[in-house]
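Read through the structure below, which is laid out as structure tokens, and then see the notes.
Note that the coordinates shown come from a computational prediction; the quantities given were computed from them, not determined experimentally. First listed ligand is number 1; within each ligand, the first listed atom is number 1. Basis for what follows: all heavy atoms, side chains included, without hydrogens, waters or symmetry-related copies.
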Amino acid sequence: MTDQRAPRDPHAFIAGLPKAELHVHHVGSASPRIVSELAARHPDSKVPTDPEALADYFTFTDFAHFIEVYLSVVDLIRTPEDVRLLTYEVARDLARQQVRYAELTITPFSSTRRGIDERAFMDAIEDARKAAEAEFGTVLRWCFDIPGEAGLESAEETARLATDDRLRPEGLVSFGLGGPEIGVPRPQFKPFFDRAIAAGLHSVPHAGETTGPETVWAALTELRAERIGHGTSSAQDPKLLAHLAEHRIPLEVCPTSNIATRAVRTLDEHPIREFARAGVLVTINSDDPPMFGTDLNNEYAVAARLLGLDERGIAELATNAVRASFLDEAGKARLTQEIDAYTEAWLAP
Ligand SMILES: [Zn+2]
């Protein structure tokens, strides 16, 4: 990521580049078309059904407003068929962007609390996962995350769903923590992460998105994070950056999301350069792409501009995501080779 030459046409290169996506939310990936379909199916919801009105609806004033809108879309996922449709359509959108592997963050508590049968919920996501792999060639894995704003009850429920052998879906690889950070201290979730880790799941909490570097430290020491969701404020603490680099703890960077939620003021002020300069393993992700008017390809273009990358540098970002993923070694080797072969073919005279 040190190459400073500008790429000739980053968009075309990125569009065809095989990629892994590590930080993208299930409900937050619902495109306006899917949301309007769901809203029409559930007319008592306050979510608009008209795609143009949806664009206005998805313009946020601050992080609290984002959470409010997000939860109103969560409210549209009411039946196992809603869950299956959403998951399958999200996979289709990922496949269109040449995403070969995605760890999709799912908040099962939001659905089971609404009365969706937990067995039917697991069956719906697994059915969509298998269909997506067979039909689109995109491999999906799950991260079950605790919605921090819903408190310890949601943590208990999420840990139970993630660790009960009779329920735990085959595609589950990791355990996360999302929602607002202000007023929701990370250490209280330690017992739930301990249980998930003991059950063989990887720890991937959001941290330092809207709070300072102390939250990232808490995620590392209390929740034993193996990757950090966002970690934006890590740039304020050189010791933390050195720690992340030394221990190869990747950051799941989502540039446009950070602007949309006002975690960072402007893209040019985004700390991604500081992360790269400090030797931190940076991965590029899209978070809640339709809600933020972006997609993974656009996030790569943004990162390429901010970091001054050419094609090889962009391909290295894609390889970082493979390295930081929870794919098995054979899967990592295959996808890395695919990225290399694509890049060499692109650059061949
Ligand atoms: Zn997120």
Side-chain angles (χ1 to χ4, degrees), residues 20-31 58 60 62-74 77 86-87 90 93-94 99 102-110 140-150 154-155 158 173-182 184 186 189 193 201-211 215-216 218-219 223 225-234 249-264 270-272 275 282-296 298-299 302-303 321 324-326:
E21 161 69 276
L22 306 180
H23 188 129
V24 66
H25 294 265
H26 187 218
V27 174
S29 298
S31 63
F58 283 167
F60 309 114
D62 58 17
F63 193 74
H65 181 216
F66 161 68
I67 295 284
E68 188 191 317
V69 171
Y70 187 90
L71 293 176
S72 72
V73 177
V74 168
I77 315 297
L86 170 67
T87 313
V90 166
D93 286 347
L94 289 167
V99 173
E103 292 171 16
L104 194 56
T105 297
I106 295 187
T107 313
F109 177 75
S110 311
L140 294 181
R141 292 291 180 266
W142 318 126
C143 168
F144 277 4
D145 84 328
I146 300 168
E149 73 282 357
S154 75
T158 308
V173 292
S174 62
F175 194 73
L177 169 59
E181 293 178 272
I182 296 164
V184 187
R186 310 284 99 172
F189 299 104
F193 275 78
L201 297 175
H202 298 283
S203 168
V204 290
H206 288 58
E209 180 183 9
T210 52
T211 55
T215 315
V216 180
L223 310 182
E226 292 166 67
R227 290 196 316 246
I228 299 286
H230 298 289
T232 316
S233 62
S234 305
I249 310 272
L251 294 182
E252 300 158 2
V253 176
C254 315
T256 300
S257 160
N258 294 152
I259 308 307
T261 61
R262 315 289 201 264
V264 176
H270 198 283
I272 189 168
F275 298 157
V282 169
T283 67
I284 301 303
N285 306 277
S286 61
D287 208 10
D288 303 292
M291 295 195 179
F292 299 143
T294 189
D295 61 20
L296 186 60
N298 183 56
E299 296 306 285
V302 167
S325 77
F326 302 127

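Among residues two or more places apart in sequence or in another chain, the ring pair (Phe, Tyr, Trp, His ring centres under 6.0 Å) test is passed with H26 by none.
In this structure, H206 and H230 have tilted ring planes: the angle between them lies in the 30° to 60° band. A parallel orientation is assigned to the rings of H202 and F326, their planes being inclined by less than 30° (bins at 30° and 60°).
Around the Zn ion (ligand 1), the protein N, O or S atoms found under 2.8 Å comprise H23 NE2, H25 NE2, H206 NE2, D287 OD1.
Side-chain contact annotation: E103 with S325, donor-acceptor N/O pair under 3.5 Å absent.
No side-chain heavy atom of V282 sits less than 4.5 Å from a side-chain heavy atom of L251.
Test T107, T105, T158 against D145 for side-chain hydrogen bond (donor to acceptor under 3.5 Å, both in side chains) and you get one pass: T107.
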